*Asks:* 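Sharing a structure below in structure tokens format, with a few things to ask.
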Amino acid sequence: MLNIPAIRWGKPYDSLEKDDVVHFRTGEPIAQLSQVGGGLLKRDMRKAQSARDALLQFSPEEILEKLAVAGKLFVEADLPIGDGSQTPEAFVHAQSASTGLPEHMCRANMQKNAFVLQNMPKILDSLTRGLDLNILSRGYGKEPGRDVMLSYQVQSPVLGAVLPSNSPGVHTLWLPAVALQLGLVLKPGGKEPWTPYRIFSAMVEAGLPAEAFSLYPGAGGDVGSALLSSVDRAMVFGGQQTIDQYAGNPKVQPHGPGFSKILLGDDVVDDWPQYLDLMVQSVFANSGRSCINASGIWASRHTKEIAQAIAEKIGPTEIKDPTDDEAALAAFTMPGMAPAVWGMIESDLAEDGVTDYTASYGERLVQMERCDYLKPMVVHAENPEKQVASKEYMFPFVSVVECPQEEMIKKMGYSLICTAITGNEDFARQLVNATHIDRLNIGPIPTHKVDWLQPHEGNIIEFLFRSRAYQSAPVQVAAS
């Protein structure tokens with residue numbers, strides 16, 4: 001069994017206190033993960049500038065080359081972890097075993113992280129709008145092609161992140177920090193330490209300085225809180241309560257439910273069957289666990305037919321072993337979570353005007369000895385005022401909502417990703433101007449199809465750097 005220590009500025013730290021990382025079905029220990037306290041993290045943050053200094057020894061171009069190598073190692077190499085090593089297949093098996101995510105989904109998420117590492121030059125070129133990365137490195141410089149001085153001040157020597165256990169794909173969001181020469185301070189998820197540790201190993205094997213990285217496993221209320229209060233720029237992943245807690249805090253970028261939606265414009269809604277597969281994929285991909293999965297489909301008519309058609313596609317889905325390439329559902333590994341979610345859904349289903357179109361496909365809650373499952377659900381709401389119209393859960397769940405087109409934007413609420421299938425230019429313009437929509441797709445684009453050259457929940461460059469004025473003039477030094 002692997003013994004996985006904490007990492008303090010590149011050096012292993014084997015704590016006396018350890019937690020077992022266990023198989024979600026059997027309870028068999030897979031690894032022992034050192035647990036550290038928030039006080040230790042706070043003391044270590046006194047040396048945070050050293051992490052950035054270590055990365056500043058390399059040019060941005062050198063770091064990008066090393067990140068590309070790290071991406072290749074991440075998916076292909078046998079990499080060290082703790083007191084052992086791990087092949088790519090062993091990584092996939094361990095991640096699936098501790099999180100409940102089917103193995104083929106773990107492989108897909110692995111490829112996403114590798115893609116970002118290997119395509120970092122294009123990603124940063126897009127996010128910075130072609131800015132010379134050396135300007136970010138120095139803090140100032142002339143804009144190429146124009147005699148204009150630019151200055152960007154880094155707001156923290158490190159980026160912190162309190163990471164989740166439910167979706168390995170979110171790690172793509174913090175990877176650009178290394179290319180921007182910021183150290184990383186990570187609190188791995190208790191059930192998914194595998195990705196941050198493997199990325200750390202891949203980066204060090206590729207030649208990046210180990211002292212730029214720290215990983216602090218431990219209790220979220222202690223270590224997570226200490227991290228968020230000790231660094232000047234951090235990401236945190238959680239539910240709506242987490243989003244509300246850190247709203248307006250410039251030091252913390254919270255990531256939570258997406259409430260992503262598909263809107264069918266009046267000009268295309270009569271042709272809804274040709275978009276059925278797109279709607280199903282948007283709801284069902286990655287077992288519905290991502291903030292980019294569609295949790296709402298809005299249309300002015302045909303909504304019951306749409307709900308019925310989607311239910312026929314995903315309602316019969318059965319639970320399969322996570323090693324099966326046909327497995328489509330992820331387990332709920334936290335005791336009591338699935339029954340609690342089911343209780344909330346039952347309450348919403350009791351409201352007049354709400355219909356469960358998957359009820360005929362058998363029980364939705366399946367409880368097992370050590371884990372639970374929720375099978376896909378398609379619910380119809382006769383208007384946006386129904387409580388279920390504004391809900392999102394960590395499994396394939398979608399509300400099909402009947403709403404006049406002219407009321408959609410006002411009543412849909414926040415949407416991380418909104419796919420509006422319409423050729424109506426006036427409607428499209430209104431959507432462009434809607435400030436409660438983050439990523440906007442006009443046309444038949446699945447919500448889970450992410451363009452890596454576009455910002456996601458805010459531009460990380462704007463989060464980590466502040467634009468400011470900078471002027472310089474030669475200084476005349478008097479002869480002694």
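Sequence positions, counted from 1, serve as the residue numbers for this chain. A quick note: this is a predicted structure, and the numbers were derived from the prediction, not measured.
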*Asks:* Any donor-acceptor pair under 3.5 Å linking the side chain of Glu392 with the backbone of Gly258?
*Replies:* yes
*Asks:* Going from CD1 on Ile243 to CD on Gln241, what distance comes out if it is rounded to the nearest 0.5 angstrom?
*Replies:* 11.0 Å
*Asks:* List, one per line, each side-chain donor-acceptor pair under 3.5 Å for residues 184-192, sequence neighbours excluded.
*Replies:*
| unit_1 | atom_1 | unit_2 | atom_2 | d |
| --- | --- | --- | --- | --- |
| Lys187 | NZ | Gly218 | O | 3.0 |
| Glu192 | OE1 | His171 | NE2 | 2.9 |
| Glu192 | OE1 | Thr195 | OG1 | 3.1 |
| Glu192 | OE2 | Gln95 | NE2 | 3.2 |
| Glu192 | OE2 | Trp194 | N | 3.1 |
| Glu192 | OE2 | Thr195 | N | 2.9 |
| Glu192 | OE2 | Thr195 | OG1 | 3.2 |

*Asks:* With heavy-atom distances below 4.5 Å as the criterion, would you say the side chains of Asn134 and Glu61 are in contact?
*Replies:* yes
*Asks:* Apply side chain to side chain contact (heavy atoms under 4.5 Å, CB included) to residues Gln32 and Ile4 and explain how you reach the verdict.
*Replies:* CA-CA 6 Å; Gln32 282 199 321; Ile4 305 176; over 6 Å; no
*Asks:* Flag the pair Phe200 / Ile7 as yes when at least one side-chain heavy-atom distance between them is below 4.5 Å, and no otherwise.
*Replies:* yes
*Asks:* Quick check for you: to the nearest 0.5 Å, what is the distance between Cys418 atom SG and Leu440 atom CG?
*Replies:* 6.0 Å
*Asks:* Are any non-hydrogen side-chain atoms of Arg43 and Leu40 less than 4.5 angstrom apart?
*Replies:* yes
*Asks:* So do Leu56 and Ser137 actually touch side chain to side chain, heavy atoms under 4.5 Å?
*Replies:* yes
*Asks:* Would you say that Trp298 contacts Met412 through its side chain, given a criterion of any heavy-atom pair below 4.5 Å between the two side chains?
*Replies:* yes
*Asks:* Of the non-hydrogen atoms in Ala6 and Ser34, which two are nearest, and what is the gap between them?
*Replies:* N-CB, 3.7 Å
*Asks:* Nearest 0.5 angstrom please: Leu124 CG to Leu64 CG, how far?
*Replies:* 6.5 Å
*Asks:* Taking atom NE2 of His93 as the centre, does the number of heavy atoms from other residues, nucleotides or ligands within less than 6.0 Å exceed 12?
*Replies:* no
*Asks:* Under 3.5 Å, is there a donor-acceptor pair between the side chain of Ser15 and the main chain of Val36?
*Replies:* no
*Asks:* Taking Arg439 for the side chain and Asp451 for the main chain, is one N or O donor matched with an acceptor at less than 3.5 Å?
*Replies:* yes
*Asks:* Check side chain to side chain donor-acceptor pair (under 3.5 Å) between Gln281 and all other residues, then give those that pass, not counting sequence neighbours.
*Replies:* none
*Asks:* Which heavy atom in Ile262 sits nearest to a heavy atom in Leu278, and how many Å separate them?
*Replies:* CD1-CD2, 3.9 Å
*Asks:* Is the shortest side-chain heavy-atom distance between Leu163 and Pro196 below 4.5 Å?
*Replies:* yes
*Asks:* How far apart are the closest heavy atoms of Val21 and Pro193, and which atoms are they?
*Replies:* CG2-CG, 4.5 Å
*Asks:* Is a donor on one side and an acceptor on the other found under 3.5 Å between the side chain of Ser156 and the backbone of Leu159?
*Replies:* no
*Asks:* Side-chain contact, heavy-atom cut-off 4.5 Å: Ile409 with Leu431?
*Replies:* yes
*Asks:* If a pair satisfies ring pair (Phe, Tyr, Trp, His ring centres under 6.0 Å) and one of its residues is in residues 219-248, list it, with sequence neighbours excluded.
*Replies:* Phe237-His255
*Asks:* Taking side-chain contact (heavy atoms from CB on, under 4.5 Å) as the test, write out the residues that go with Val231, two or more places apart.
*Replies:* Met45, Val158, Leu227, Ala234
*Asks:* Shortest non-hydrogen contact from Gly139 to Ser151?
*Replies:* O-OG, 2.8 Å
*Asks:* Can you list everything that forms a side-chain contact (heavy atoms from CB on, under 4.5 Å) with Ala97? Sequence neighbours excluded, please.
*Replies:* His23, Ile30
*Asks:* Considering residues at least two apart in sequence or located in another chain, which fulfil the side-chain contact (heavy atoms from CB on, under 4.5 Å) criterion with Ser290?
*Replies:* Ser167, Asn286, Ile292, Asn293
*Asks:* Would you say Ile460 and Met235 make side-chain contact, with heavy atoms under 4.5 Å?
*Replies:* yes
*Asks:* Using modelled atom types only, decide if a donor and an acceptor are shared between the side chain of Glu143 and the backbone of Gly141 within a distance under 3.5 Å.
*Replies:* no
*Asks:* For the residue pair Gln57 / Asp53, report whether a side-chain donor-acceptor contact shorter than 3.5 Å exists.
*Replies:* no
*Asks:* What residues form a ring-ring contact (aromatic ring centres under 6.0 Å, His included) with Tyr393, not counting sequence neighbours?
*Replies:* Phe397
*Asks:* Evaluate the side chain to side chain contact (heavy atoms under 4.5 Å, CB included) criterion for residues Phe58 and Lys66: first the C-alpha distance (whole Å), next the side-chain angles of each, then the deciding distance (0.1 Å), finally the verdict.
*Replies:* CA-CA 10 Å; Phe58 302 88; Lys66 294 179 187 301; 3.6 Å; yes
*Asks:* Below 4.0 angstrom, N of the basic side chain to O of the carboxylate: do Glu89 and Arg107 qualify?
*Replies:* yes
*Asks:* Look at the side chain of Asp222 and the backbone N and O of Gly38, then say whether any donor-acceptor pair between them is shorter than 3.5 Å.
*Replies:* yes
*Asks:* Sequence neighbours left out, what passes side-chain contact (heavy atoms from CB on, under 4.5 Å) with Ser225? Give chain and number order.
*Replies:* none
*Asks:* List in chain and number order the residues that pass side chain to side chain donor-acceptor pair (under 3.5 Å) with Ser96, two or more places apart in sequence or in another chain; answer none if no residue qualifies.
*Replies:* none
*Asks:* Within the side chain of Arg138, is there an N or O that forms a donor-acceptor pair under 3.5 Å with the backbone of Tyr140?
*Replies:* yes
*Asks:* Donor-acceptor pair, Asn459 side chain versus Leu127 backbone, under 3.5 Å?
*Replies:* yes
*Asks:* Between atom OG of Ser230 and atom CG of Leu41, what is the distance when rounded to the nearest 0.5 Å?
*Replies:* 5.5 Å
*Asks:* At their closest point, which heavy atom of Thr26 faces which heavy atom of Arg370, and how far apart are they?
*Replies:* C-CD, 3.5 Å
*Asks:* Does NZ or CZ of Arg468 come closer than 6.0 Å to the centre of the six-membered ring of Tyr152, within 45° of the ring's axis?
*Replies:* no
*Asks:* How many angstroms lie between CD in Gln181 and CG in Leu464, if you round to the nearest 0.5 Å?
*Replies:* 12.5 Å
*Asks:* Thr317 side chain to Leu329 main-chain N or O, any donor-acceptor pair under 3.5 Å?
*Replies:* no
*Asks:* Verify the ring-centre separation between Phe91 and Phe74: is it less than 6.0 angstrom?
*Replies:* yes
*Asks:* What residue pairs, at least two apart or across chains, pass salt bridge (Lys or Arg N to Asp or Glu O under 4.0 Å) with a residue in residues 68-88?
*Replies:* Lys72-Glu76
*Asks:* With sequence neighbours excluded, what pairs up with Gln245 under the side chain to side chain donor-acceptor pair (under 3.5 Å) test?
*Replies:* none
*Asks:* Using every non-hydrogen atom in the two residues, find where Thr99 and Arg289 come nearest and quote the distance to one decimal.
*Replies:* O-NH1, 3.6 Å
*Asks:* For atom NZ of Lys112, decide whether the heavy atoms of other residues, nucleotides or ligands shown that lie under 6.0 angstrom number more than 12.
*Replies:* yes
*Asks:* Would you list the pairs meeting salt bridge (Lys or Arg N to Asp or Glu O under 4.0 Å) in which at least one residue belongs to residues 12-36, sequence neighbours left out?
*Replies:* Asp14-Lys18, Arg25-Asp321
*Asks:* Measuring from atom CH2 of Trp9 to atom OG of Ser214, what distance do you get when rounded to the nearest 0.5 angstrom?
*Replies:* 4.0 Å
*Asks:* Using modelled atom types only, decide if a donor and an acceptor are shared between the side chain of Arg233 and the backbone of Phe463 within a distance under 3.5 Å.
*Replies:* yes
*Asks:* As a quick check of understanding, evaluate side chain to side chain contact (heavy atoms under 4.5 Å, CB included) for His436 and Ser415, giving each step before the final call.
*Replies:* CA-CA 6 Å; His436 54 292; Ser415 190; over 6 Å; no
*Asks:* Taking atom types as modelled, is there a side-chain donor on Asn441 or Thr419 under 3.5 Å from an acceptor on the other?
*Replies:* yes
